[in-house]
Structures are given as C-alpha cells and as structure tokens.
Protein chains: 2
Amino acid sequence: MSTIIDVARAAGVSTATVSRVINTPQAVREATRTRVLAAMEACHYRYNALARGFATKRTRTIGLIIPTITNPGFAESTRGIQERAAAAGLSVLLGNTNYDPETEEKLIRVFREMQVDGLVITTTNPNNPILKNLVAEGFPFVVLYSTVRRGHMSCVGVDNYRGGYMATQHLIDNGHRRIAMIAGAFRSSDKSRGRWDGYRQCLRENGLVYDKDFLAQTTYSLASGREVIQQLLRLETPPTAVFCSNDYLAIGVMEGARDAGLELPADLSVVGFDDIPLASYVTPGLDTIRLPAYEMGALGFEALLERIEKGGQTPVHRMLGLELIVRGSVAPPRGNA
Amino acid sequence: MSTIIDVARAAGVSTATVSRVINTPQAVREATRTRVLAAMEACHYRYNALARGFATKRTRTIGLIIPTITNPGFAESTRGIQERAAAAGLSVLLGNTNYDPETEEKLIRVFREMQVDGLVITTTNPNNPILKNLVAEGFPFVVLYSTVRRGHMSCVGVDNYRGGYMATQHLIDNGHRRIAMIAGAFRSSDKSRGRWDGYRQCLRENGLVYDKDFLAQTTYSLASGREVIQQLLRLETPPTAVFCSNDYLAIGVMEGARDAGLELPADLSVVGFDDIPLASYVTPGLDTIRLPAYEMGALGFEALLERIEKGGQTPVHRMLGLELIVRGSVAPPRGNA
DNA sequence: GCAAAAATTGTAAACGTTTACATTCAGGGT
DNA sequence: ACCCTGAATGTAAACGTTTACAATTTTTGC
C-alpha cells in the first residue's frame, strides 16, 4: 500500500504538503493541491487513520458499553449515539457486558488500550471505583440510564427512583395493596435498585407494608419473568399486582400468569418499564414507564463530544422525563370493583 | 502516560524485553518477568494497542456494517458476531447504513482507513463493484444475509429466493390466487429482490399470473406496511393475501387491514419474513419465514476469522436453512372454505 | 522596483510498539 | 578450564502520519 511519502515523491512536494492537502486543503495553493490529488489517484493512495491516531493521539473513535444489544431499548440508545457520532465524523466501538461487571471492566480496559477518545457506558454500578478512576484521570466518559446526582461524573439518564414510584402509585391508585416487584439483580443493575427504592418509598407513603417475600431479583429476560411469577403466585397470600423493572420481565409475567390459569388483567395487574415496541402488541397492552432511549443516547453522545472537543471538566447531569403509558394491563383487584 | 520505554528504564531492561513480557511471557526468565511486571505497576503503565496496530498492521478490530441496529434480526446477528469476536479477542466497530448504498460505501472506506482486519457486511447490493474491488485486493470480508453462488466473495446467508417461494406456496396451499407482495426497495435490498424472484416463480409454477399492480416496493417499516396495504385494498380486485419481505411490514399490513375494517385472517392472509419476537405476540400470530440471525452472525464471524488468521483465499459459501412458521395469520380466502 | 508582510512549502523529530538480527549468558559435557 | 548449545536479552530500524519551526516564494504598499 502506498503512503504519503510515495504521494509526496510522485507530486514533487514534501510529506507535510500532502498532509495539508488532506487536512487543511485551503492552506495549500490550488495548483499544488490538484497536483497532489492527482498523485494520490495515481498511487491508489489510501489514508491511514491509524497512523494519524498514533501521531495525534486522537482516534475519532468512541467506545459504547451496553448490557445487551438485543434489548430494543439499548438498541435505540445505540442508534441515537451511532447517528450523532456518524454526523460528527466519529466511529463507535461496540461492547456488550451481558450485565456482568467483570466484562464491563474488561471492556473499559480494552477500549482505553485502543485509545478511544471517550466512552459511553451503561454501567452495572455507577459507584464502581473504576469509574472514579476515570474521573480522576480526566478521561472523558458519560454514563447512561443511571443518574448520579452528586459527583464529577457526567450522566444522562432517567430518575429510576421516580419511575419506580410512578409505577407503584399507578397500581395503588387502582386499588392494589399486595404489590410485588420483580427486578433485575441489584448487583448487576443499579437502575433496578433505584426503581426498587421508589417502589418501597411509594408503598410506605401510602401506608402499605413492604413485604420482602414480594421482591424477586432475577435476570432480565422473558423466561425468568415467566418462572418467577409462578413462585410468587404460590405464596400464601399472593400479590394482586406486579411491577417489573423491565418490559421483557413484565411480558414474561403475563405469560406465566396465563399458564397458571389467571385471567388478565382481572386476576393480576402488571406494570413494566422501558416501553419497548412489543409492549403495545401483547394482550392486554402493557402499562409501562416509557424511557426515552433514543434521546438518551443522542444527548449522551452530545455531552461526551462536548467533553472531548472542548475539554471541559464540568460534569453534565441530565435527567430525562419518564412517562406512564396506560394500555390495559392494570385493573382493580377482584372484589374491589 | 508512561510508555514501554519508561518501564524498560525502570526495570533496567530493554524495550524488547518489556514487549516480550507482554506478548510472549514464556520467552523471558521468571526473575526478569516479575521485575518488569513490578515496573509496569510502578509506572501505571497502560498498553497502547494503537501503537501495536501501527507496528504490526493488525488491529484486532473488525468492522460490522448493517442497515439498522433497530431491527431485532440485525441485533441478533450483531450479538452473534460480537460474542464470537470477544471470545477471539477482537473488537467490533459498528456502522449503520439505513439501507443507503452511499452510506455503505462510506462506511467501508472509513473502516478500511481505520485499518480494520476485516469486514462483515450486510450489503444493499452484492454486485456492488466496491465489493469486487475488495476481493481483488484480497481484503478479508464476508457478506451476510445474501448468498452469491458464484464468485470469490465469501458469504453466509440464506436462500432468499427459496424463502420467497416457500412463503408464496404456503399461501397458494391455502387456496389463495390473488397474492400481493410488499417488498423493501430493490435498489437498497437485494434480499428483497431475491424473495420477489421466488414469489414470481412460485406463482408461475402454480399457473397463476403475475400482476405487477400486486407488487409494492417501499421502506422497511411498520408505518409503510400500514400505508401500502390501504392502497392495495383500493384496487378493483384486491388481493386476498400478502407476502411481506419483512415482519415489520407484515405487522404494519395487519394493522392497516384492521383499520380498513377487515377481519384477520379471514379477509386477508399475511406472511412475513424474519421471525422477530414480535411475530408471535400479534393477534393472530404471524406466519413467517424464520431466519437464523444469531447463527448467521456467529458463522459469518468464524468464516471471517478463518480468512484473517489463515489468510486463506478460498471463499466460503454457506447457506443456512429457512423454516416456515405457522401461527394463524393465514387462512383460506372467503368463499373458499 | 524594493522592502516588508503574508502565504506557501519544506525539514525533521516525534508518536509507542514490534521484530530481525546480534550479542550475551547459563550450564552441560568433555 | 574450555567449548558448545540453546536460552535470554539487547540494538536499532521500521511502521505512516502530524506539526513546530525554518526557509522560501508570492503579494502588497509605496
């Protein structure tokens, strides 16, 4: 493959001039420019962005770390980031953690070794010391989905606490008093934990007791929702409603409840979280908390870009709005009209 | 940031030895190795993969080009690639084309400038001369979803022609004779075109005439399915069945048909393509052609890795099986019992 | 025409690693 | 003690750009 040196020789100029033709064409005289361009053509020259990155210490690449690309919510965020990044001329390196903290740490390391200019991270735990280190080193990154109120970490997220509260209140408003929650494992999802805090607080403020048998932590999947609900229904006094910290869990719960012979929503009310496309297609339609995933990705990227370009140190704390979507999976409990 | 040179100095060895500790630890004596490791620790050394890539001309990175991460099928393929790549110690650079050929070309160029070791491409057009060039240059890449039978291009795909044929035959078997097809635009999706060929051939072999009013080309989205079906229903003799080259289109068609007052599947039968999760949740369940997306990604990556590592030149042509999934969106036309 | 200013181009070092080749070292056999 | 062998380590060039600075050319104002 030919290099800038070959081109320079062919055009009878220095490598510096060729470099200028590539990067700041207006800084070189028209005549030389066309001569260089012609030489490039003749040499079948292809620019080596790696060498540039090496010389400038800027790769125009960012790393994106998410739990799984298979969840439509993360796919939407990814699209948001990807589109804005492409518009800004940056490339995106994708990594999936499968909600595993160790994979997350490994990805952070690998991406930094690859000299990415910044990171967008959907973390399992915003208090991870690794993130503190990144802050301390002044490395540009933004955390998505979570919102840390204090501290020097930038984040663009939603108020998970408030989302949990809204969902629970919705069930209480419909007359429920025995409300279970199925959450992603707290150790691998602080979002899940935030939603749980909201759930508990809402119960308390409405004078309901929090029953720890009514909390299940599990993995984020349809199958585990299906499974866990069966267990909850076997309790002595089973719940009349369930709040799930993710729509897949919620839809799994609906299926599991039907398998157990329940009629929905009369026998069991369900609220989810995310508002994935599927939520409006199940029967009954799933009541859920809509999370602006695309927007979060887009704004997250913009915040990161700002940090990268301007080098600013002031952290961004952006909290996006949540919305309760009502479709029909919640009804008053039996005998409560 | 400290470099290999600082570490070498701190440990009292040469840079070559430090490099060996990193890459071939068994080639350096235990005592020196621990000394070097300690020096790395002391210097807070972080490996620079970019510099390695520059020196070795291997970045351990591949580029992945897909139309959109938002379609669950592509998300699954992406997961397949991503997982295998991570296991092999490679990173994945993600690019979305939105079915735009120019964006595709641009991504290919950008990724090559970044010196990726190879590409996995879901192309809008496998006959694109750009791909021929890649082959001519001996650059490793594999094409997903499409299957080109002849030629030196590696591909791991499905037989789109056969898929189209299967779907159409399914409708004919149910007694339909007026079968429309809604396809993605041919210019931006050769897959769509292959499915159409199968559709036409199947009609012909069953003695049915191909009516060109019954073909609609549009964009791959729920909304356009919804829209296009309304037009088809306004024809003098509207179709009794529709084959859509993608599940989103098919689900849009179901919605649109309902909006027009039709009862499904009695008034209109629908077959889709892909088998996304949504397909089993709509009512009635969508009959569709299942496409093994995850497997395709995984196998595609393996084929690429083989090419990269072994440097083999013999192209891989892998054709994965398709399966007709019957759920209830197809019924005999009215008055045909 | 001329000097000064501005625009253009050239020179060469720097970026952090790998690696072919050369050199040194350790230890076994005599 | 010496030679030999193989293992361990060192030397230094190479990878393809960018960029500070210097040198040269062109333009401007008079």
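Just so you know, these numbers use all the heavy atoms, side chains as well, and skip hydrogens, waters and symmetry mates. Every chain is numbered from 1 and lettered A, B, ... according to where its sequence line falls, protein lines coming before strand lines.
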| query | Nearest-Å distance, CZ (A/Arg52) to C1' (C/dG16)? | reply | 18 Å
| task | Kindly say whether B/Gln26 contributes a backbone atom to a donor-acceptor pair with the side chain of B/Thr24 at under 3.5 angstrom? | result | no
| Just by modelled atom types, is the B/Gly73 backbone N or O under 3.5 Å from a matching donor or acceptor in the B/Ser77 side chain? | yes
| remark: Among the nucleotides C/dT8, C/dT11, D/dT18, whichever has the atom closest to the side chain of A/Ser14 is C/dT11
| remark: CD1 of A/Ile108 to CD of A/Glu113, rounded to nearest 0.5 Å, is 12.5 Å
| request: Identify whether any heavy atom of A/Val18 sits under 4.0 Å from a base atom; if not, whether one sits that close to sugar-phosphate; answer base, sugar-phosphate or nothing. | output: nothing
| Do the side chain of B/Asp100 and the main chain of B/Thr97 share a donor and acceptor less than 3.5 angstrom apart? | no
| request: Select from B/Lys57 and B/Arg33 the residue whose nearest nucleotide in DNA chain D is closer to the 5' end of that strand. | output: B/Arg33
| task | Measure the distance from CD on B/Gln115 to C1' on C/dT17 and round it to the nearest whole Å. | result | 16 Å
| CE of B/Met114 versus P of D/dT17: gap in Å, rounded? | 15 Å
| request: Compare the minimum distances between each of D/dG10, C/dG16, C/dT18 and the side chain of B/Asn23, then state the nucleotide with the smallest one. | output: C/dT18
| query | Atom CZ of B/Arg58 to atom P of C/dT19: distance rounded to whole Å? | reply | 11 Å
| Value in whole Å for how far the P atom of C/dG10 lies from CZ of A/Arg29 | 10 Å
| From the list D/dT19, C/dG10, C/dC15, which nucleotide is the closest neighbour of the side chain of A/Thr56? | D/dT19
| message | Closest approach to the side chain of B/Thr3, judged atom by atom: which nucleotide of C/dG16, D/dT18, D/dG16 is it? | response | C/dG16
| task | Mark yes or no for whether A/Ser154, through its side chain, and A/Val142, through its backbone, hold a donor-acceptor pair below 3.5 Å. | result | no
| note | Side-chain contact check for B/Ala16: nearest option of D/dA8, C/dT19, D/dC15 is C/dT19
| Selection from C/dT8, D/dT9, D/dG16 that lies nearest to any side-chain heavy atom of B/Thr17 | D/dT9
| field | Whichever of B/Gly12 and A/Phe54 has its nearest DNA chain D nucleotide further upstream toward 5' | value | B/Gly12
| Which whole-number value in Å describes the distance from A/Ile4 CD1 to C/dT11 C1'? | 14 Å
| request: Select base, sugar-phosphate, or nothing to describe what A/Ser19 touches, counting heavy atoms under 4.0 Å on all strands. | output: base
| task | Go through the N and O atoms of the side chain of B/Arg46 and the base of C/dG16, and report whether any donor-acceptor pair is under 3.5 Å. | result | no
| message | Which nucleotide wins on minimum distance to the side chain of A/Val28, given the candidates C/dA26, D/dT17, C/dT9? | response | C/dT9
| said: So does B/Gly184 get a backbone contact from the side chain of B/Ser189, meaning a donor-acceptor N/O pair under 3.5 Å? | reply: no
| task | Measure from CD on B/Glu113 to P on D/dG16 and round the result to the nearest Å. | result | 15 Å
| note | Between CD1 of B/Ile22 and P of C/dT17 the distance, given in whole Å, is 7 Å
| Across the strands shown, which category fits A/Thr15 at heavy-atom distances under 4.0 angstrom: base, sugar-phosphate, nothing? | base
| remark: Checking D/dG16, C/dG16, D/dT9 against the side chain of B/Arg20 (C-beta onward), the nearest is D/dT9
